[in-house]
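Everything below concerns the one structure shown next.
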Amino acid sequence: MEVVRPEFLPDPDRSREEMEDLQREIAATASFEDDFGFDVADVELGESPTDAPTAAESVGEQVTLTDGDAPVVVGVDQAFVGDDYSVSAAVAIRDGRVVERAAGRAELELPYIPGLLAFREGDAIVDALESLSVEPDVLVLDGSGRIHFRQAGLATHVGVLFDVPAVGVAKNLLCGTPREPLDDPLPEGARVAIEADDSMDVPDGTVVGYAYQSRQYPNPEQRHVNPLIVSPGHRVSAETTVDVVEATCTGYKLPAPTRLADQYADDLKD
DNA sequence: GCGACAG
DNA sequence: ATCTTGTCGC
């Protein structure tokens, strides 16, 4: 795929103030409403934990063998080789099958700075996505989208760069306030809205994402799983973001596209 | 000044 | 993110 907003490339040589200004521009360009051409219900479940038949098969529905109509979901994740460079892996999935994998790499020029993650990892991600030949219907990135001080987290930055629908999936909350406390274990499937607080650029109370309990143990009192923190990147609403993530979480905490990109990135290290 | 902060 | 084995509980 191709960068369509090169003026938004995450140049790590900019000053911190320039980076933040760029993020405000990106947020102003981003759309946090549904604007894509596929049906979330057509996102086929990824590979199952076992050799069990897919959900559709076990219900006895006829599996459509025609390729090309099911949405292409692309998971993106990074791994690091010391402090020198990062590798980015993009794994494209359609109908629960891997249809393409792409790799990218870039020198690390910045330390990790909360709020500026895209300037540390962006180059490698762009490198990987530029070498991807299929056109993704939606990207699943590791990190925040709209849950960000200036509404321009990694998922928003990358989504706007390529003008492609994108969602962010994080394991921890960067900012914002959950409508309900997340301390106690949530039941599987639970969704808790994340509202903007005064550390953010948006009016207080704006729903900028959700905590989503993709998986939970039968007895959460003794051992429980933390919820995912999901937020829209670009061209997807907060609610639809959860729908997309839910459709790709197949028996594990993390979405299948993310897990596959994660393991591919690890392989790229050696 | 202190705390809080995706990966 | 990364350095790393076993271990507890489903």
Side-chain angles (χ1 to χ4, degrees), chain A residues 10 12 16 19-20 23 26-27 49-50 75-90 104-126 128 139-159 166-178 182 185 187-188 194 196-201 208-233 241 245 251-255 258-259 261-270:
Chain A
R16 179 166 183 146
M19 293 180 184
E20 296 181 352
Q23 290 182 327
I26 289 167
T50 63
V76 182
D77 192 32
Q78 288 71 245
F80 302 85
V81 181
D83 257 3
D84 305 327
Y85 67 96
S86 63
V87 292
S88 178
R105 54 177 293 167
E107 302 287 320
L108 282 175
E109 299 183 36
L110 282 184
Y112 165 67
I113 302 170
L116 297 179
L117 188 62
F119 290 89
R120 172 174 166 83
E121 305 189 348
D123 280 346
I125 296 173
V126 170
L139 302 180
V140 179
L141 291 132
D142 60 315
S144 287
R146 197 185 187 186
I147 296 181
H148 179 273
F149 310 117
R150 293 165 292 278
Q151 300 186 82
L154 180 69
T156 302
H157 201 135
V158 174
V167 302
V169 177
K171 300 176 198 70
N172 295 288
L173 191 59
L174 172 63
C175 56
T177 307
L182 300 179
E188 193 162 302
I194 307 295
D197 60 25
D198 53 18
S199 77
M200 297 188 233
D201 238 346
V208 290
Y210 281 87
Y212 170 62
Q213 195 71 46
S214 54
R215 190 188 172 195
Q216 190 53 280
Y217 293 127
N219 216 323
E221 293 87 18
Q222 306 176 32
R223 187 181 194 75
H224 67 275
V225 176
N226 293 134
L228 296 175
I229 307 296
V230 308
S231 60
T241 293
V245 172
Y252 297 94
K253 171 177 177 175
L254 292 174
T258 301
R259 292 194 307 106
D262 191 71
Q263 73 172 61
Y264 183 37
D266 270 335
D267 292 343
L268 291 171
K269 290 196 298 185
D270 37 48

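As the structure is a computational prediction, the values presented were derived from the model and not from experiment.
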Say whether, by atom type as modelled, one donor and one acceptor occur between the side chain of [X] and the main chain of [Y] under 3.5 angstrom.
X	Y	value
A:Arg120	A:Leu110	yes
A:Gln213	A:Pro187	no
A:His224	A:Gln216	no
A:Gln23	A:Gly153	no

Paired and unpaired positions of DNA chain B as dot-bracket, Watson-Crick or G-U wobble under 3.5 Å, | denoting a partner strand: .......
field: Distance-minimising heavy-atom pair for A:Ile147 and A:Leu173
entry: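 Distance-wise, the nearest heavy atoms are CG2-CD1, 4.1 Å.
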A:Thr241 versus A:Pro232, closest heavy-atom pair with distance: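 Shortest heavy-atom contact: OG1-CA, 3.4 Å.
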Calculate the interatomic distance between [X] atom [atom1] and [N] atom [atom2]; express it in whole Å.
X	N	atom1	atom2	value
A:Lys171	B:dC5	NZ	C1'	16 Å
A:Gln78	B:dG7	CD	C1'	8 Å
A:Arg120	B:dA6	CZ	P	13 Å
A:Asp142	B:dA6	CG	C1'	9 Å
A:Met19	B:dA6	CE	C1'	16 Å
A:Leu116	B:dA4	CG	P	20 Å
A:Phe149	B:dG7	CZ	P	13 Å
A:Arg150	B:dA6	CZ	C1'	13 Å

- request: Just do the side-chain contact (heavy atoms from CB on, under 4.5 Å) check on A:Val208 and A:Ser231 with the steps written out, would you?
  value: CA-CA 6 Å; A:Val208 290; A:Ser231 60; 5.9 Å; no
message: Just to be sure I understand the rule, does A:Tyr112 reach a base, reach only the sugar-phosphate, or reach nothing, if contact means heavy atoms closer than 4.0 Å?
response: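 Touches a base.
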task: Select from A:Lys269 and A:Asn219 the residue whose nearest nucleotide in DNA chain C is closer to the 5' end of that strand.
output: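 Closer to the 5' end of DNA chain C: A:Lys269.
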Note, A:Asp142 side chain near A:Gln78 side chain (heavy atom, < 4.5 Å):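 They are in contact (side-chain heavy atoms under 4.5 Å apart), so the answer is yes.
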- prompt: What are the bounds, 5' to 3', of the part of DNA chain C that sits under 4.0 Å from heavy atoms of chain A?
  reply: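 First-to-last contact on DNA chain C, by the 4.0 Å heavy-atom rule, is C:dA1 to C:dC10.
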message: Tell me whether the side-chain N/O atoms of A:Asn172 come closer than 4.0 Å to OP1 or OP2 in B:dC5.
response: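 Negative; the distance criterion is not met.
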query: Is any side-chain N of the basic residue among A:Arg259 and A:Asp262 closer than 4.0 Å to the acidic one's carboxylate O?
result: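 No, this pair does not count.
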